[in-house]
Every structure is written in structure tokens, then in C-alpha cells.
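Everything below concerns the one structure shown next.
Residue numbers start from 1 in every chain, and the chains themselves are labelled A, B, ... in the order their sequence lines are given, proteins ahead of strands. Being a predicted model, the structure only gives us computed values, none of them experimental.
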Number of protein chains: 2
Amino acid sequence: MTTHNINPDAALASRLRASGITPTQRRLHIGQFLFSKLRHLSADQVFDQVNRNSERVSQATVYNTLSLFVEKGLLHQIVVDPSKVFYDTNPSKHHHFYYVDTGILEDIPTNQIEINNLPELPSDTLFGGVNIIIQLRKA
Amino acid sequence: MTTHNINPDAALASRLRASGITPTQRRLHIGQFLFSKLRHLSADQVFDQVNRNSERVSQATVYNTLSLFVEKGLLHQIVVDPSKVFYDTNPSKHHHFYYVDTGILEDIPTNQIEINNLPELPSDTLFGGVNIIIQLRKA
DNA sequence: GTCAGTGCAAACCCTTTGCAGAAAG
DNA sequence: CTTTCTGCAAAGGGTTTGCACTGAC
């Protein structure tokens, strides 16, 4: 069967193409790493991990690729504070716990949280999303 | 009456002392400007405004003072994204609208918004606050 | 007089950019 | 072959820091 393909790169390549991204070697390599599980990583962490093995990817390419993936909707960028920016591979709508002491960001399962009495939006405006980050500290 | 004082600096000085801040000239000057009304300003905007008249305050002092005021609870720091950090003089608990197109941050009145089904916090953690920023775009 | 606060300029961190060489199609 | 991508290193923006001077008390 021609549509069956056991090469994970091929699957990812299709996914990238479907999002309008040319599947280059570097992007496939970064993508394989990112999308192998749900993650919350900084650009720096991605850079380190992606250069663990023989493969070599520059900082510029890591930044460019992450921005591109965000722009095309494959990743979400989560800003905790100016020096804490994470890239989240969980594609579903959800919010986050941020552990202040450890600097770890964690998903809050989608539908647990619920916002009521959302104020009326000012006229001539459209809802563009909500970011909710719940900060947690050691007990 | 000895406790009556029409000098606004004196009132602010007491306020700063009450928060454990030595009321220096620079801090009073920055404080007078900030606390004269509800504001959402970047460090840069504070620097500009505070240097409008004869008074001269360095960048370092503006940054130090803003951090000190945040640490002592007189201001809140609102992070929209890494290059959009605001200092909010509204002391009450509230959330924000962020106008993506204009870069303006605006308060959502305190009690309008309501979060339900807050998930149980992981064990050994304390609630450390929630940040909610609702992004708005032009209709 | 002592300790904290301030200004200046340099240092910093993270991210972006310019440009020449490499890869995609 | 043409266009897009990539690496390198330099530049950029916003914030912090080191140090000598000034001000608070």
C-alpha cells in the first residue's frame, strides 16, 4: 500500500507540508524531537537537546524554526515572564501551572478550568484568546 | 493639628515607610508620578515621563525603584510578552485586557471575572496567584 | 561618619539579523 | 538554476551590574 509509511520522518514531513512548512532536514530533526511527546521547553533547552547527538543545528535555526512552528500553529508560545518563555507541544486549548520554585511549567487539563462572567468585550473588538497561568509555590 | 499635612510628598513618604521603603527624593518623585492615577506603563515610559521636567532620574534608578515597588507590593508587574512588561498601579486584584493592535493594557474590573473549577492544586503546593490576560483584536 | 541610594557606562541575556555558502525542488 | 534555508558572528533591545559619588540620618 503506497500510503502506508513506517518512516516517522515521512509522517512528520506530511504534517509540516500540511501546515505550509517546507520539511527540511533541520526542521524534521527539531520536529522529531519536539513532537515525540508533550513538552514545555525553552528555546535554549531545545537547542541543547537537538544538538545532543551527531546532528548540528545552529541557534539561529532553532529560533527561526520555533517561531515558524508557532506562526503555523504547531506550537504555542507560553510567556511566564520576560526571561521564561516556553514552547508547548500540546496542541489543545489549555492553561498552565507554573511552579515558581522550580521554574517548571505544566498543563492544566483542558476542561477542568472554567471562566465565568467574562466581561463584555469592548465594542469593535474580537476575542483573541486568554492566557491563564496559575503560579504555585512550595507549601 | 500635627497629623494634618497638605504636602503630598509627606503622605507618600509615609506610605513608602509603611512598606519598608526609605523615601528618598528619587523614589518620591517616581512615586508621585506613578500613584497620581491608575496606570499601566512600561519602564521606559516611566523613565521618559519622570524626566520631563527639571528632575533627573537615571535609568538604573527607575528600574531599581520599579523592582523595589513591585517587591514591596506597591505595584504589580504584568507580563504580556517578553518585550511587553507593564507596571500597574492598581492595587486591587484584577485582570487585564490586552489590545494586540495598539499594545494597550487595560483593567478588567475586579469582580466581573470569575474562575470556576479551579483544579485541585498538586500536593505540597500553595496557590501563588493567577494571571489572566484576555487578548483583544480589532473587529 | 556610616550605610544606603544614585548615575554612568559597561556588561548581560536572550533573540534577531545580514550575509555568504548549502540544500530543496 | 532559482529560491529558500542555514550557520556564523555581529547587532539589537531591554534590563542589570560595578563602581565611585551623593544623600539620608
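- Remark: P of D:dT22 and CZ of B:Arg56 are 15 Å apart, rounded to the nearest angstrom.
- B:Thr61 has a side-chain polar atom (N or O) that falls below the 4.0 Å cut-off from OP1 or OP2 of C:dG7.
- To the nearest 0.5 Å, the span separating CG on B:Leu68 from OG on B:Ser19 amounts to 9.0 Å.
- In this structure, CD of B:Gln59 is placed 16 Å from C1' of D:dG18, rounded to the nearest angstrom.
- Judged by the 6.0 Å distance and 45° axis criteria, B:Arg137 is not positioned over the aromatic ring of B:Tyr98.
- Among D:dT15, D:dC8, C:dT15, the nucleotide with an atom closest to any side-chain atom of A:Ala43 is C:dT15.
- Rounded to whole angstrom, the span from the CZ atom of B:Arg17 across to the P atom of C:dG5 amounts to 13 Å.
- Which of D:dG7, C:dG7, D:dT16 sits closest to the side chain of A:Val57 comes down to D:dG7.
- In this structure, the nucleotide among C:dT15, D:dT16, C:dT6 sitting nearest to the side chain of B:Arg26 is C:dT6.
- Between A:Arg27 and C:dA24 there is no side-chain polar atom (N or O) within less than 4.0 angstrom of OP1 or OP2.
- The shortest distance between the side-chain N/O atoms of A:Tyr63 and the OP1/OP2 oxygens of C:dT15 is below 4.0 Å.
- A:Gln25 comes within 4.0 angstrom of the backbone, heavy atoms only, and of no base.
- Among the nucleotides D:dT6, C:dG5, D:dC8, the one closest to any side-chain atom of B:Thr24 is C:dG5.
- Between the CG atom of B:Leu68 and the P atom of D:dT16 there is a distance of 13 Å, given to the nearest Å.
- With C:dA9, D:dG7, C:dT16 as the candidates, the nucleotide lying closest to the side chain of A:Ser67 is C:dT16.
- The CZ atom of A:Phe69 sits 11.5 Å away from atom OG1 of A:Thr89, with the distance rounded to the nearest 0.5 Å.
- To the nearest angstrom, P of D:dG13 lies 12 Å from CG of B:Asp44.
- One can place CG of A:Asn64 at 14 Å from C1' of C:dC19, the figure rounded to the nearest angstrom.
- Comparing C:dT6, C:dA24, D:dT15 by their closest approach to the side chain of A:Thr22 singles out C:dA24.
- Separation of atoms CZ (A:Arg27) and CD (A:Gln32) is listed at 15.0 Å; rounding is to 0.5 Å.
- One can place CD of A:Glu55 at 12 Å from P of C:dA23, the figure rounded to the nearest angstrom.
- Comparing B:Tyr87 and A:Thr65, the nucleotide of DNA chain D nearest to each residue sits closer to the 5' end for A:Thr65.
- In this structure, A:Leu16 atom CG and D:dT4 atom C1' are separated by 15 Å, rounded to whole Å.
- Rounding to the nearest 0.5 angstrom, the gap separating the OH atom in B:Tyr87 from the CG atom in B:Leu75 is 8.5 Å.
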